[in-house]
Amino acid sequence: QVHAVESGGGLVEPGGSLSLSCAASGRSFSDDVVGWFRQTPGKEREFVALISSGGNVKKYTDSVEGRFTISRDTSKNMVFMQMDSLKHEDTAVYYCARSRWLSTHTDQYDGWGQGTQVTVSL
């Protein structure tokens, strides 16, 4: 069973950039849809972006469209998310996970990692 491992979070000023990485542990997720989600205290985990197994289909939540870019490197069994023009409201723990479906719903995903904290602040 695949298990995701996220990295790349940190503290960044508003307007700055970060690049998150999602590695697969246990088996390859080259045949899977991979999604990024985020969660803040007291709120439900929300969809951010997804990428199809072939990398040709990408979806974003409206609030990050044009600022975040999801990509994957199948040879390295990794998925990335470049986050530019970061805003305070992007502060959250970011998680990646895999799915069989091009879904924005958390219950369609499994193999969740521990998450990586992104903090956008002066």
Side-chain angles (χ1 to χ4, degrees):
Q1 182 176 354
V2 69
H3 179 78
V5 180
E6 305 93 341
S7 62
L11 173 64
V12 63
E13 293 185 353
S17 298
L18 279 176
S19 181
L20 303 184
S21 298
C22 174
S25 176
R27 68 163 177 81
S28 168
F29 54 32
S30 59
D31 294 331
D32 298 325
V33 173
V34 176
W36 282 99
F37 295 76
R38 64 188 179 187
Q39 189 170 21
T40 55
K43 293 188 176 180
E44 292 188 355
R45 195 167 297 186
E46 65 173 3
F47 168 77
V48 178
L50 67 82
I51 187 167
S52 62
S53 59
N56 57 319
V57 177
K58 301 176 184 180
K59 294 185 179 180
Y60 301 91
T61 192
D62 288 347
S63 64
V64 308
E65 183 81 54
R67 299 189 298 120
F68 290 11
T69 304
I70 191 170
S71 62
R72 68 190 304 161
D73 185 334
T74 303
S75 67
K76 296 181 179 179
N77 204 25
M78 295 187 70
V79 173
F80 308 96
M81 186 162 71
Q82 177 66 34
M83 305 187 297
D84 298 319
S85 302
L86 282 161
K87 304 177 181 180
H88 180 264
E89 51 264 42
D90 295 318
T91 296
V93 178
Y94 284 72
Y95 300 87
C96 64
R98 52 77 54 196
S99 176
R100 293 178 60 191
W101 316 109
L102 290 169
S103 174
T104 63
H105 299 284
T106 56
D107 60 2
Q108 298 296 310
Y109 286 78
D110 58 25
W112 296 92
Q114 294 298 308
T116 185
Q117 175 71 47
V118 171
T119 303
V120 184
S121 179
L122 291 172

**Message:** I need the Leu102 CG to Lys58 NZ distance, nearest 0.5 Å.
**Reply:** 13.5 Å
**Message:** Under a 3.5 Å cutoff, is there a donor and acceptor pairing between the side chains of Asp31 and Ser53?
**Reply:** no
**Message:** Please determine whether residues Trp36 and Val33 belong to a single hydrophobic cluster, defined as Ile, Leu, Val, Met, Phe, Trp and Tyr linked transitively by side-chain heavy-atom distances below 4.5 Å.
**Reply:** no
**Item:** Verdict with supporting geometry, Val48 and Met81, side chain to side chain contact (heavy atoms under 4.5 Å, CB included)
**Value:** CA-CA 10 Å; Val48 178; Met81 186 162 71; 3.9 Å; yes
**Item:** For the student: nearest non-hydrogen atoms of Val93 and Gly115, plus distance
**Value:** CG1-CA, 3.8 Å
**Test item: Ser52 side-chain N/O and Gly55 main-chain N/O as donor-acceptor pair under 3.5 Å** = yes
**Donor-acceptor under 3.5 Å (Gln114 side chain, Val5 main chain)** = no
**Request:** Give me the ring orientation class for Phe47 and Phe37: parallel if the planes are under 30° apart, tilted from 30 to 60°, perpendicular past 60°.
**Result:** perpendicular
**Message:** If I take atom CH2 from residue Trp112 and atom OG1 from residue Thr106, how far apart are they, to the nearest 0.5 angstrom?
**Reply:** 5.5 Å
**Request:** Kindly give the heavy-atom pair with the smallest separation between Leu18 and Leu86, and that separation in Å.
**Result:** N-CD1, 3.8 Å
**Asked** Are the side chain of Thr91 and the backbone of Val120 linked by a donor-acceptor contact shorter than 3.5 Å?
**Response** yes
**Message:** Please determine whether the number of non-hydrogen atoms from other residues, nucleotides or ligands lying under 6.0 Å from atom CD of Glu89 exceeds 12.
**Reply:** yes
**Asked** Is the backbone of Ser103 close enough, under 3.5 Å, to the side chain of Tyr109 for a donor and an acceptor to pair up by distance?
**Response** yes
**Message:** In this structure, would Phe68 and Val79 fall into the same cluster of hydrophobic residues linked by side-chain contacts under 4.5 Å?
**Reply:** yes
**Request:** List the steps and the verdict of side chain to side chain contact (heavy atoms under 4.5 Å, CB included) for Leu20 and Tyr95.
**Result:** CA-CA 10 Å; Leu20 303 184; Tyr95 300 87; over 6 Å; no
**Prompt:** So which heavy atom on Ala24 is nearest to which on Val2, and how close?
**Reply:** CB-CG2, 3.7 Å
**Asked** With distance as the sole test, does Tyr60 use its side chain to make a donor-acceptor pair with the main-chain N or O of Ile70 at under 3.5 Å?
**Response** yes
**Message:** Around atom CZ of Arg100, are there more than 12 heavy atoms from other residues, nucleotides or ligands closer than 6.0 Å?
**Reply:** no
**Message:** Can you give me the closest heavy-atom contact between Leu122 and Pro14, atom names plus distance?
**Reply:** CD2-CD, 3.8 Å
**Message:** According to a hydrophobic-cluster definition based on side-chain heavy atoms being under 4.5 Å apart (Ile, Leu, Val, Met, Phe, Trp, Tyr only), do Tyr94 and Ile51 belong together?
**Reply:** yes
**Prompt:** Atom CZ in Arg98, atom SG in Cys22: separation rounded to 0.5 Å?
**Reply:** 11.5 Å
**Residue pair Ser30 / Thr74: nearest heavy atoms and the distance that separates them** = CB-CG2, 3.5 Å
**Request:** Walk me through it: do Val64 and Arg38 pass the test side chain to side chain contact (heavy atoms under 4.5 Å, CB included)?
**Result:** CA-CA 12 Å; Val64 308; Arg38 64 188 179 187; 3.9 Å; yes
**Minimum heavy-atom distance Asp84-Ser17, with the two atoms named** = OD1-OG, 2.7 Å
**Prompt:** Can you tell if the side chain of Val118 reaches within under 4.5 Å of the side chain of Met83, non-hydrogen atoms only?
**Reply:** yes
**Prompt:** Taking atom OG of Ser99 and atom CD of Gln108, what is their separation to the nearest 0.5 Å?
**Reply:** 6.0 Å
**Item:** Ion pair check, Arg72 and Asp32, cut-off under 4.0 Å
**Value:** no
**Prompt:** Gln82 side chain to Thr69 main-chain N or O, any donor-acceptor pair under 3.5 Å?
**Reply:** no
**Prompt:** Donor-acceptor pair, Thr116 side chain versus Glu6 backbone, under 3.5 Å?
**Reply:** no
**Asked** Is the side chain of Asp110 donor-acceptor paired with the backbone N or O of Ala97 at a distance under 3.5 Å, no angle test?
**Response** no
